[in-house]
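Scope of the values below: all heavy atoms of this structure, side chains included, with no hydrogens, waters or symmetry mates. The first residue of the sequence shown is numbered 1, and numbering continues consecutively from there.
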Amino acid sequence: MGDSPRVHRVQVLLPVTQILFFVELGVYATGRQNALYFALGNALQLTANAGIFGVIATVANERQYGTLPILLASPANRLVTFMSRAVVNVIDGIATVVIGLAVVVVLFGLDLRQANLPLLGLCVVIISVTTAGLGLMFGSIGLVMRDAIIVANIVYYLLLIICGINFPVSRLPGALQVLAYSLPLTRGVQAARDAAAGATLGHVSGLLAGELMVGAAWALGGYFLFRGLENWSRRGGLQEAY
């Protein structure tokens, strides 16, 4: 019962409000023919809510409730312990996208008959995994930072702005384009839009491979950061401070 407010907020309220706002705004500015463009971008960006906020919350909650010292003192494999932070949040991200897309398909009458739905589903799964990889990086900060959720907010809205969610990445300045392609979502969203237009796996395989490599790089960096901050938090007693 204690998790129900989060379920309603993440899987129902947030997808509906964010997608409706940006789809309505985009349709008003560019025409109804572009509704699917804005719907897909914002639905897929919602995976970052589970992947980033959810992963950071797992560490922050353990610290808040006093279980973090027990976790860090256990002999459990650190890589398995670290990666397990993201499993539930990947599933949560996939569910969020499905709910968000279902809402806009019904409300805006979007036509997905030409879409390659299995490939679109694969894109959703991959994006959920890669955004969780980014969340693992910033979730590690929760070992030593009391209000790590502030970092999550910054990263979430950064992704919304520069990853091609509501306008093409090509419209950004050169430096921001480099940053965009170093983050999850950018390639995955582009691949999902191609899949919605009927593209095959062969056409988007390069984009999806790049998306997976970016997510893996962030997750690996997060693991090494986790190990470093784990030792630091022990020395400074930060694992018990909240």
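- Side chain of Gln45 to backbone of Tyr156: a donor-acceptor contact under 3.5 angstrom is found.
- Taking CD1 from Ile154 and CD1 from Ile150, the interatomic distance works out to 7.5 Å, rounded to the nearest 0.5 Å.
- Here Leu160 contributes atom CG and Asn42 contributes atom CG; the two are 6.5 Å apart, rounded to the nearest 0.5 Å.
- Counting only heavy atoms from C-beta outward, the side chains of Pro168 and Tyr37 approach each other to under 4.5 Å.
- Note on Leu117: it does not cluster hydrophobically with Leu119, by side-chain heavy-atom contacts below 4.5 Å among ILVMFWY residues.
- Val129 pairs with exactly one of Val124, Val87, Val90 by the side chain to side chain contact (heavy atoms under 4.5 Å, CB included) rule, that one being Val90.
- Once rounded to the nearest 0.5 Å, the distance linking OG1 of Thr47 with CD1 of Ile52 reads 8.0 Å.
- One N or O on the side chain of Thr131 and one on the backbone of Ser128 form a donor-acceptor pair closer than 3.5 Å.
- The minimum heavy-atom distance between Val97 and Ala43, with the atom names listed, is CG2-O, 3.3 Å.
- Residue pairs meeting the side-chain hydrogen bond (donor to acceptor under 3.5 Å, both in side chains) criterion with at least one partner in residues 182-193, sequence neighbours excluded, are absent.
- Side-chain contact between Val169 and Tyr181: present, with at least one pair of heavy atoms (C-beta onward) separated by less than 4.5 Å.
- Under a hydrophobic clustering in which Ile, Leu, Val, Met, Phe, Trp and Tyr are joined whenever their side-chain heavy atoms come within less than 4.5 Å, directly or via other members, Val151 and Leu225 fall into the same cluster.
- Leu36 and Ile19 fall within the same hydrophobic cluster, defined by Ile, Leu, Val, Met, Phe, Trp and Tyr side-chain heavy atoms under 4.5 Å apart, directly or through other members.
- Interatomic distance, CD1 of Ile162 versus CZ of Phe167, reported as 9.0 Å (0.5 Å rounding).
- A 4.5 Å side-chain heavy-atom check between Phe38 and Asn166 finds at least one atom pair inside the cut-off.
- Counted within 6.0 Å of CD on Gln114, heavy atoms from surrounding residues, nucleotides or ligands total 12 or fewer; the atom is thus considered open.
- One distance of note links CD1 of Ile165 with CG of Leu44; it measures 7.0 Å at 0.5 Å rounding.
- When all heavy atoms of Leu159 and Pro184 are compared, the closest pair comes out as CD2-O, 4.1 Å.
- Separation of atoms CG (Asn116) and CG (Leu120) is listed at 8.0 Å; rounding is to 0.5 Å.
- Checked against salt bridge (Lys or Arg N to Asp or Glu O under 4.0 Å), Arg113 has the following partners two or more places apart in sequence or in another chain: Asp111.
- Under a hydrophobic-cluster definition in which Ile, Leu, Val, Met, Phe, Trp and Tyr are linked whenever side-chain heavy atoms come within less than 4.5 Å, directly or via other members, Ile126 and Val189 are assigned to different clusters.
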Please tabulate, for the side chains in residues 199-217, all donor-acceptor contacts under 3.5 angstrom to protein atoms that are two or more places apart in sequence or on a different chain.
from   : atom 1 : to     : atom 2 : distance (Å)
Thr200 : OG1    : His203 : ND1    : 2.7
Ser205 : OG     : Gly202 : O      : 3.3
Glu211 : OE1    : Leu185 : N      : 3.4
Glu211 : OE1    : Gly188 : N      : 3.0
Glu211 : OE2    : Thr130 : OG1    : 2.8
Glu211 : OE2    : Leu185 : N      : 2.7

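- Tracing side-chain contacts under 4.5 Å through hydrophobic residues (I, L, V, M, F, W, Y), one reaches Phe21 starting from Leu101; they form part of the same cluster.
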